[in-house]
Amino acid sequence: MAGPESRRRSSRPGLLFLRVSDGKSAKNRIQCDLWPTSTTRDEQIERATGLGATVLDDRRRSDGTGWVVFAGPEGNEFCIGRSAAERAATRPAVGKPQ
C-alpha cells in the first residue's frame with residue numbers, strides 16, 4: 001500500500017478518495033490524510049497528541065520523509081504527512097542528480 005508521501009498534492013486543501021481492498025471491523029470506513037499548510041508535520045503531530053490522539057504507526061524516516069498514523073479519541077484513524085514546503089525542500093532540482 002502506498003502511503004501519503006507517494007501521492008502528488010498541491011498546497012490547497014482537497015479530498016482524495018481511494019478504494020482499498022482491506023476491510024475494517026469497526027464503524028470507521030474513512031481515514032483522512034492531512035498535510036499542514038502553515039506549520040510543519042512535526043508541529044501538527046505534537047498538536048494532535050496534545051489534543052488526545054494516539055500514535056498507531058510512526059513512519060517518519062531519518063531523511064525527513066514519512067508520515068504518522070493516529071487514532072483520535074473515538075478511534076477514528078488519520079495520518080499527518082509533510083507540508084508542501086517540507087516536501088519541496090527535499091525534492092531534487094530539475095536536471096540535478098538525486
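Each residue takes its place number in the sequence, starting with 1. Everything numeric here is computed off the predicted structure, so don't read it as measured data.
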Say whether Leu56 and Trp67 are linked into one hydrophobic cluster, either directly or through other cluster members, by side-chain heavy-atom distances under 4.5 angstrom. yes
At their closest point, which heavy atom of [X] faces which heavy atom of [Y], and how far apart are they?
X: Pro36; Y: Gly81; value: CD-O, 3.1 Å
X: Ala48; Y: Ile80; value: CB-CD1, 4.0 Å
X: Ala71; Y: Phe78; value: C-CE2, 4.3 Å
X: Leu51; Y: Pro73; value: O-CG, 4.2 Å

Under the criterion side-chain contact (heavy atoms from CB on, under 4.5 Å), I'd like the reasoning laid out for Leu34 against Gln44: C-alpha separation, chi angles, the key distance, then a yes or no. CA-CA 9 Å; Leu34 308 171; Gln44 286 302 315; over 6 Å; no
If we check side chain to side chain contact (heavy atoms under 4.5 Å, CB included) with Ile45, which of these qualifies: Arg41, Glu43, Arg47?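 For Ile45, the side chain to side chain contact (heavy atoms under 4.5 Å, CB included) check succeeds only for Arg41.
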Are Asp63 and Thr65 linked by a side-chain donor-acceptor pair shorter than 3.5 Å?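 A donor-acceptor contact under 3.5 Å links the two side chains.
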The complete set of side chain to side chain donor-acceptor pair (under 3.5 Å) pairs with one or both residues in residues 48-58, sequence neighbours excluded, reads Asp57-Arg59, Asp58-Arg60
